[in-house]
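I have placed the structure first, in the form of structure tokens, so that the comments after it can refer back to it.
Here the structure is a predicted model, which means the values were calculated and not measured.
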Amino acid sequence: MTYVVYPLPLDNWDLFKPDVMRFCETFRLFPPEADCTLTVMCCSRDPNDEERQLFEPLPAKVEYHRYDGKGFDIGAHQHFAFQAGEAFCVNVSTRVYFHREGWLKKILDARDYFGPGLFGTAASREVGYKVSRDRLRIHFRTHCYGIEAS
């Protein structure tokens, strides 16, 4: 089972509403091309009908979970991973959006090729210090990453 885990910051809806609308619009325009459940982690409260309607026409099963903890993005991702059982979670931040169809299929293809593990869509050497004489430390971006929940 594959979950796309999306934090919905309902405690600051006016600020994040445009980002949520862009996420939903690009999810429709550029479908994942792989079976998944979109797990919307509702931060601080339950969504109202207007907020739920944004997710209605998406090409995935959508389920809602309440999250009242700290660290909304990563905290919500971790909270769901403990509930997901044996699953692969592709965790995204609220401001993520898509620009090509098949984005999820590409992540799952990499997982099939390399086997279970941690998969990211972006990394950099922005930390800038060396771990050893011949290796730089890599900064892993958590705006979109896949990880085994079990």
Side-chain angles (χ1 to χ4, degrees), residues 1-13 15-16 19-47 51-52 54-56 58-132 135-150:
M1 173 60 112
T2 301
Y3 294 97
V4 175
V5 185
Y6 183 73
L8 185 62
L10 294 170
D11 62 323
N12 202 352
W13 181 244
L15 176 65
F16 286 99
D19 299 308
V20 175
M21 292 174 68
R22 180 174 62 176
F23 172 85
C24 291
E25 179 182 349
T26 60
F27 197 108
R28 278 189 299 279
L29 287 172
F30 306 107
E33 293 185 355
D35 289 334
C36 67
T37 297
L38 175 62
T39 302
V40 180
M41 298 300 290
C42 305
C43 300
S44 301
R45 67 174 173 81
D46 293 323
E51 293 154 354
R52 283 179 181 263
L54 292 172
F55 297 92
E56 291 296 319
L58 297 183
K61 176 184 174 195
V62 179
E63 58 183 36
Y64 299 89
H65 292 265
R66 177 84 180 255
Y67 178 66
D68 292 312
K70 296 180 180 177
F72 291 123
D73 285 356
I74 302 297
H77 297 156
Q78 289 177 335
H79 180 77
F80 181 73
F82 285 117
Q83 301 172 25
E86 299 229 358
F88 185 67
C89 295
V90 176
N91 302 306
V92 298
S93 68
T94 303
R95 290 191 164 122
V96 159
Y97 63 94
F98 309 102
H99 61 93
R100 281 198 187 115
E101 57 191 34
W103 53 271
L104 180 58
K105 182 180 183 313
K106 293 213 182 270
I107 295 170
L108 295 178
D109 286 349
R111 181 178 175 243
D112 288 344
Y113 182 80
F114 291 105
L118 174 66
F119 296 86
T121 59
S124 72
R125 296 182 188 268
E126 73 183 52
V127 175
Y129 61 88
K130 290 188 176 186
V131 176
S132 67
R135 286 193 351 207
L136 285 176
R137 178 173 225 152
I138 294 183
H139 172 75
F140 185 80
R141 296 286 317 272
T142 57
H143 66 278
C144 182
Y145 66 99
I147 193 163
E148 310 301 320
S150 56

Sequence neighbours excluded, the answer for side-chain hydrogen bond (donor to acceptor under 3.5 Å, both in side chains) partners of Arg66 is Asp68
ask   = With a 4.5 Å heavy-atom cut-off, do Met1 and Thr37 have their side chains touching?
value = yes
Mind checking whether Phe88 and Tyr3 have ring centres under 6.0 Å apart? no
Only residue of Tyr64, Phe23, Phe16 satisfying ring-ring contact (aromatic ring centres under 6.0 Å, His included) with Tyr6 is Phe23
To the nearest 0.5 Å, atom CG of Asn91 lies from atom OG1 of Thr142 at 9.0 Å
- prompt: Looking at the rings of Trp103 and Phe27, which for Trp means the six-membered one, are their centres under 6.0 Å apart?
  reply: yes
request  = Evaluate whether atom CG of Asp109 has more than 12 neighbouring non-hydrogen atoms of other residues, nucleotides or ligands under 6.0 angstrom away.
outcome  = yes
Note to self: Is the distance from the ring center of His65 to that of Phe80 below 6.0 Å?
What the structure shows: yes
Tightest non-hydrogen contact, residues His99 and Phe30, listed as O-CE2, 3.6 Å
Taken to the nearest 0.5 Å, the spacing of Cys24 SG from Glu56 CD works out to 10.0 Å
Handout entry: Student check: side-chain heavy atoms of Arg28 and Leu58 closer than 4.5 Å
Key = yes
Residue pair Tyr67 / Leu8, side-chain heavy-atom distance below 4.5 Å
no
In terms of side-chain geometry, is the basic nitrogen of Glu33 or Lys106 positioned less than 4.0 Å from the acidic oxygen of its partner?
no
CZ (Arg95) and CG (Asp73) are apart, to the nearest 0.5 Å, by 9.5 Å
- So, Glu101 side chain and Pro31 main chain: donor-acceptor pair closer than 3.5 Å or not? no
Exercise for the section: Evaluate the side-chain proximity of Glu51 to Leu10: yes if any heavy-atom separation is below 4.5 Å, no if none is. Expected result: yes
Nearest heavy-atom contact between Gly69 and Phe72 is O-CE2, 3.6 Å
Is any side-chain heavy atom of Val20 closer than 4.5 Å to one of Leu54? yes
Handout entry: From CA spacing to verdict: side chain to side chain contact (heavy atoms under 4.5 Å, CB included), Trp13, Arg45
Key = CA-CA 11 Å; Trp13 181 244; Arg45 67 174 173 81; 4.2 Å; yes
Closest non-hydrogen contact found for Asp19 with Leu15 is OD2-O, 4.0 Å
Which of Cys144, Cys89, Cys36 passes side chain to side chain contact (heavy atoms under 4.5 Å, CB included) with Val4? Answer is Cys36
Distance col, row Leu118:CG vs Ile147:CD1, nearest 0.5 angstrom, shows 5.0 Å
Distance col, row His79:NE2 vs Lys70:NZ, nearest 0.5 angstrom, shows 15.0 Å
| message | Quick one, Ile107 and Thr121 - any side-chain contact, counting heavy atoms below 4.5 Å? | response | yes
Between Ala149 and Gly85 the two heavy atoms that sit nearest each other are CB-O, 3.4 Å
Does a side-chain heavy-atom distance below 4.5 Å link Met41 with Val5? yes
OG1 (Thr26) and CZ (Phe98) are apart, to the nearest 0.5 Å, by 5.5 Å
Closest heavy-atom pair, Ala87 versus Ala84, reported as atoms and distance to 0.1 Å, is CB-O, 3.8 Å
Close aromatic pair by centroid cut-off 6.0 Å: Tyr145 and Phe119: no
Side-chain contact test, heavy atoms from C-beta onward, threshold under 4.5 Å: evaluate it for Leu108 versus Thr2 and give yes or no.
yes
